[in-house]
Every structure is written in structure tokens, then in C-alpha cells.
Amino acid sequence: MSDGQANRLPSVPTDQFERDVAAIALFRSTDAALILSALRGCEVLHLAAGVPLLRPGEANRHVFIPLSGAIVVHLDSHSSAQATIPIAVGECVGELSAIDGKPVSGLVVALSEARVLKVPQDIFWNRLMTLPGVASNFMVLLSERLRRSTALALKSQSEQMELMHLRKDLNVARQLQASMLPLQRPLFPERDDIEVCGIMEPASNIGGDLFDAFFVRDRLLFFCIGDVSGHGIASALFMARAIGLLRILAMTTFQPDKLLTKLNQRLCVNNDTNLFLTIFCAFLDMDTGRMVYSNGGHCPPFFGAAGELRDLAIPKGPLVGALPAARFTAMTQTLNRQDVLYCYTDGVTEAQNQAGQEFSEDRCKDRLGQLHSQPLQHVLDDMRRQVATFTGTEVLEDDFTMLALRRKV
């Protein structure tokens with residue numbers, strides 16, 4: 001209470017005080033002269049916005065009655081609006097701790113400039129409660145407060161149950177999303193001609209990044225990596241839709257530019273959320289090493305061998321799902337023996353440390369080059385550790401996704 005200024009009540013009633021008394025529900029139908037006499041020696045606190053009146057855990061020997069301004073009681077330690085009881089002008093606060101002598105349980109704070117009548121508990125019980133009608137008014141006010149508290153507790157309990165169900169649903173959604181991605185590591189352990197490994201760790205419960213790799217023929221591999229705009233459930237649903245369409249289209253359309261054209265057209269249909277996708281996709285001929293690829297607004301993969309990595313030249317292509325009439329082009333690149341391709345999303349290279357510096361493409365290429373002879377699974381796990389070390393936290397600001405391929409023969 002030291003944060004506010006205080007004035008003693010005057011011995012002679014003022015017009016303002018008489019108006020204040022008339023607004024106090026506790027004193028309804030009680031003679032104002034008797035009230036003033038009983039309150040002689042009490043203080044009126046002048047609180048600025050944000051100043052606490054009572055704090056959890058402290059002892060209280062007073063009852064407080066707001067005369068003007070907005071006062072609220074926060075029932076939790078986070079001052080959340082969902083667990084807040086407003087105290088109207090003329091109501092009481094602090095009376096429960098003044099009754100049982102136990103520490104204050106909630107945070108009472110002024111939301112705006114406020115004037116509050118501070119009544120010591122001996123004056124409250126020995127003077128005010130003996131005035132005609134005050135005790136019955138107090139019981140009515142206390143009953144109303146308890147009803148509001150009970151209603152708030154029931155609402156909070158209901159919201160907690162809904163939150164529990166939501167968390168359970170999100171956990172199921174995360175498992176379903178993970179099951180849609182080829183998370184076996186390596187992806188094709190039975191093959192001796194190609195090594196493929198991927199990793200996707202969402203920043204929240206469910207993410208918007210995707211990758212995929214599968215053989216459309218025995219000697220023709222399709223693979224892709226993508227990043228849906230935004231985060232959360234909407235992005236995850238858009239990602240699931242894209243994955244499903246890609247798997248269907250890749251089995252019949254072996255030209256990546258035409259595949260992206262068809263994918264874009266279908267994702268634009270009923271896209272009321274205006275989400276879009278960046279994506280890199282390719283077909284790799286295992287006999288010749290010829291890779292035909294197309295790109296829709298995605299960052300270029302790193303490509304090379306023996307630790308010498310460079311950005312793969314990529315065709316310029318628009319975002320997928322944004323413009324129905326968009327068209328895409330294709331390029332080719334031969335993957336020789338031991339050539340490695342590292343595809344990634346911007347959650348890897350744009351991860352920031354506390355100084356606001358990004359992990360960057362250069363830092364990523366340098367580290368990948370140092371690990372060129374390691375199994376791809378170890379390389380991707382190391383990159384995740386490198387990003388965590390760089391940012392100083394395991395918590396991701398954006399989804400972390402990489403897909404790596406090494407042609408072995």
C-alpha cells in the first residue's frame with residue numbers, strides 16, 4: 001500500500017464523500033452521519049494505474065472499498081483475464097483475509113487511477129457492523145462474491161478440460177503428421193546405390209514443413225522438400241494436402257515442372273486461407289545420375305562432393321498455391337558417384353542467436369563440408385545440434401527440415 005497516497009477522512013462530511021457513501025452497497029439504507037462517525041480515522045488511498053493494493057501471500061488487516069476507478073482481483077499468478085474478478089465501486093475487497101486472518105490469496109490491482117477507502121478490521125467489525133442494516137448488506141455482498149468466484153472456478157475448470165482435450169488432439173495430429181513423412185533413417189537401407197535421409201522437427205506441436213522421397217519406378221527416384229507459409233493447424237492441413245497431391249502426381253507425371261504446374265493449380269482451388277508453399281522437387285535416374293528438377297520459390301539445395309559444396313543452380317519459379325496460372329521450368333544436373341545434395345528449409349539457415357545473427361547458408365555449408373564422409377543420418381543430427389548451440393536453445397522459432405541424398409555408385 002506504500003505505492004499510493006492516502007488522505008484521512010474529514011471530521012465534517014463533504015459533498016464528495018456523501019456521494020461516495022451513497023454509492024457503497026455495504027452502507028445502503030444506513031444513515032450517512034452514522035457512517036462518517038464510524039469511519040473517522042480511516043484513510044482514502046489514491047492509486048495510480050497498475051499499483052497493487054494487495055499481493056498474494058501478504059498479511060491483511062483491512063477491508064478496502066473502491067470509491068472510484070477500476071479495481072480487479074487476479075486469482076492466478078499470471079494476471080490472466082480468464083481468472084479475474086472485477087471489484088465495482090462500492091463493493092468490498094480484502095474482507096475474507098480480514099475475517100480469517102489468513103494471507104491474501106489473490107493479486108488486487110488498480111487498472112486505472114482509483115480512490116479506495118481503507119478500513120481497519122477493528123473499525124469494520126466493531127463500528128460498521130453494529131450499524132443498522134450493514135451486517136445484512138455485507139452478507140448479501142459476500143454471497144454475490146462467492147457466486148461469482150464459483151462461476152469463475154467452473155468456467156476455468158471447463159476451459160482446462162477443453163485445453164487438455166486440445167493438447168491431446170494436437171498430440172494425435174503431430175503423430176499423424178509424422179506418420180505422413182518418411183522418417184525411416186536411412187530411407188532405403190536395402191539399396192546400395194543411393195543413401196537418403198531426412199529430418200523434420202516442427203517449431204510447435206505441428207508444423208508446415210514437408211519432405212518426401214520414393215521410387216516411382218525401380219530406377220527412378222522422386223524427392224521433394226517444401227515449406228508452407230505460417231504455422232499451426234492451418235499450415236499443417238495445407239501441408240498434408242500438398243503431400244497427398246504430390247504422391248499422386250509423381251506416379252504419373254515424371255516431369256517436375258509439369259508436376260508443379262498441376263500441383264499449383266490444385267492447391268489454388270478453394271484456398272480461402274491464402275496459404276502457399278515453397279517447394280523443390282526432382283526426379284533422379286539411378287542408372288545415369290541425371291537429375292531433372294524444378295523449383296517453386298524455394299531456397300537452392302547445397303550440392304557437391306568431397307566437402308566442396310555450392311548452391312545448386314535452380315530455375316526461378318513462383319510460390320505454389322498463390323497464382324492459378326503460374327508456370328514452372330526445369331533444369332538438369334548429373335549426380336556422380338559420392339555427390340551429395342542437401343535440401344533444407346529456411347528454418348535451418350535463418351535460425352537466429354541472441355544477437356540477432358542468422359545461422360546462414362555459409363555456416364551451414366562449412367559444417368556440412370566438414371562432415372562429407374559421415375553417414376547422412378549423423379550429418380543431419382549434427383546440424384540440428386549445431387543450430388541449437390548457435391541459438392543457445394533447443395526451442396525452434398521455425399520448423400527445422402533437411403533432406404540429404406548421396407549417390408553411392
**Prompt:** Counting heavy atoms not belonging to N270, are there more than 12 under 6.0 Å from its CG?
**Reply:** no
**Fill in**
In L405, L335, V340, L309, the residue satisfying side chain to side chain contact (heavy atoms under 4.5 Å, CB included) with F303 is L335
**Item:** pair L117-L45: side-chain heavy atoms closer than 4.5 Å
**Value:** no
**Asked** Are F188 and F214 close enough that their ring centers fall under 6.0 Å?
**Response** no
**Request:** Could you tell me the separation between the CG atom of N60 and the CD atom of E95, rounded to the nearest 0.5 Å?
**Result:** 9.5 Å
**Message:** Nearest 0.5 angstrom please: F400 CZ to I199 CD1, how far?
**Reply:** 5.5 Å
**Asked** Does atom CD of E113 have more than 12 heavy-atom neighbours from other groups under 6.0 Å away?
**Response** no
**Asked** Do T401 and D227 have side-chain heavy atoms sitting under 4.5 Å apart?
**Response** no
**Check: A305 main-chain N/O paired with E308 side-chain donor or acceptor under 3.5 Å** = no
**Prompt:** Should D209 and V228 count as side-chain neighbours, where that means a heavy-atom distance under 4.5 Å?
**Reply:** no
**Message:** Ignoring hydrogens, what is the shortest heavy-atom contact between S294 and T329? Give both atom names and the distance.
**Reply:** OG-O, 2.7 Å
**Asked** Can I194 and L284 be said to form a side chain to side chain contact (heavy atoms under 4.5 Å, CB included), step by step?
**Response** CA-CA 10 Å; I194 188 77; L284 175 63; 4.0 Å; yes
**Request:** Could you give me the CA-CA distance, side-chain angles and deciding distance for C92 and V63, then say whether side chain to side chain contact (heavy atoms under 4.5 Å, CB included) is met?
**Result:** CA-CA 7 Å; C92 298; V63 177; 4.1 Å; yes
**Message:** Regarding N271 and T273, do their side chains bring together a donor and an acceptor under 3.5 Å, going by distance alone?
**Reply:** yes
**Aromatic ring proximity F280/Y293, centre distance under 6.0 Å** = yes
**Request:** Test M402 against every option in V379, T345, V348, I225 by the side chain to side chain contact (heavy atoms under 4.5 Å, CB included) rule and name the one that passes.
**Result:** V348
**Request:** Using the test side-chain hydrogen bond (donor to acceptor under 3.5 Å, both in side chains), find all partners of R61 that sit at least two apart in sequence or belong to another chain.
**Result:** none
**Request:** Supply the atom-to-atom distance F223 CZ to F283 CZ, rounded to the nearest 0.5 angstrom.
**Result:** 10.0 Å
**Request:** Examine Y344 together with F302 and report whether their ring centres are nearer than 6.0 Å.
**Result:** yes
**Fill in**
dist L277:CG -> R241:CZ (nearest 0.5 Å) comes out at 11.5 Å
**Asked** Quick one: are F64 and V108 in side-chain contact, heavy atoms under 4.5 Å?
**Response** no
**Request:** Over all heavy atoms of both residues, which pair between A203 and D399 is shortest? Give the atoms and the distance, please.
**Result:** N-OD1, 2.7 Å
**Asked** Closest heavy-atom contact between S97 and K102?
**Response** CB-O, 3.4 Å
**Prompt:** Under 4.5 Å between any side-chain heavy atoms of V320 and T278, yes or no?
**Reply:** no
**Request:** Would you please indicate yes or no on a ring centroid separation below 6.0 angstrom for F238 and F276?
**Result:** no
**Asked** Going by heavy atoms in the side chains, are V116 and I71 under 4.5 Å from each other?
**Response** yes
**Request:** Please check if the side chain of R407 supplies one atom and the backbone of M286 the other of a donor-acceptor pair under 3.5 Å.
**Result:** yes
**Asked** So, K408 and D339, do they make that salt bridge, N to O below 4.0 Å?
**Response** no
**For P56, all residues meeting side chain to side chain contact (heavy atoms under 4.5 Å, CB included), sequence neighbours excluded** = L107
**Request:** Indicate yes or no for a side-chain donor-acceptor contact from D346 to the backbone of E350 under 3.5 Å, with no hydrogens or angles considered.
**Result:** no
**Request:** Apply side chain to side chain contact (heavy atoms under 4.5 Å, CB included) to D218 and list each qualifying residue two or more places apart in sequence or on a separate chain.
**Result:** R191
**Geometric class of the F124/F138 ring pair [parallel <30°, tilted 30-60°, perpendicular >60°]** = perpendicular
**Asked** Is any side-chain heavy atom of L267 less than 4.5 Å from a side-chain heavy atom of K262?
**Response** no
**Asked** Taking 4.0 angstrom as the limit, do R384 and E394 come out as a salt bridge?
**Response** yes
**Asked** So do the side chains of M383 and F359 get within less than 4.5 Å of each other, counting heavy atoms only?
**Response** yes
**Message:** Applying the salt bridge (charged side-chain N to carboxylate O under 4.0 Å, His left out) criterion to D193, which one of R406, R337, R219 satisfies it?
**Reply:** R219
**Item:** Over 12 non-hydrogen atoms of neighbours within 6.0 angstrom of CD in E397
**Value:** no
**Message:** Using every non-hydrogen atom in the two residues, find where P256 and C281 come nearest and quote the distance to one decimal.
**Reply:** CB-SG, 3.9 Å
**Item:** Distance-minimising heavy-atom pair for A110 and A114
**Value:** CB-CB, 4.4 Å
**Message:** Determine whether a donor-acceptor pair (N or O, by modelled atom type, separation under 3.5 Å) exists between the side chain of T253 and the backbone of A250.
**Reply:** no
**Item:** Side-chain ion pair, D382 and R367, N-O less than 4.0 Å
**Value:** yes
**Request:** Supply the atom-to-atom distance F328 CZ to D257 CG, rounded to the nearest 0.5 angstrom.
**Result:** 9.5 Å
**Criterion side chain to side chain contact (heavy atoms under 4.5 Å, CB included) on V134 and M139, from CA distance to verdict** = CA-CA 9 Å; V134 173; M139 294 304 297; over 6 Å; no
**From C224 atom SG to N295 atom CG, the distance as rounded to the nearest 0.5 Å** = 12.0 Å
**Prompt:** So does R127 pair up with D122, basic N to acidic O under 4.0 Å?
**Reply:** no
**Message:** Show the nearest heavy-atom pair for residues A351 and F390, with the distance to one decimal.
**Reply:** O-CE2, 3.6 Å
**Worked check of side chain to side chain contact (heavy atoms under 4.5 Å, CB included) between V109 and L53** = CA-CA 5 Å; V109 65; L53 183 63; over 6 Å; no
**Test item: N264 side-chain N/O and L323 main-chain N/O as donor-acceptor pair under 3.5 Å** = yes
**Asked** Donor-acceptor pair, T391 side chain versus Q352 backbone, under 3.5 Å?
**Response** no
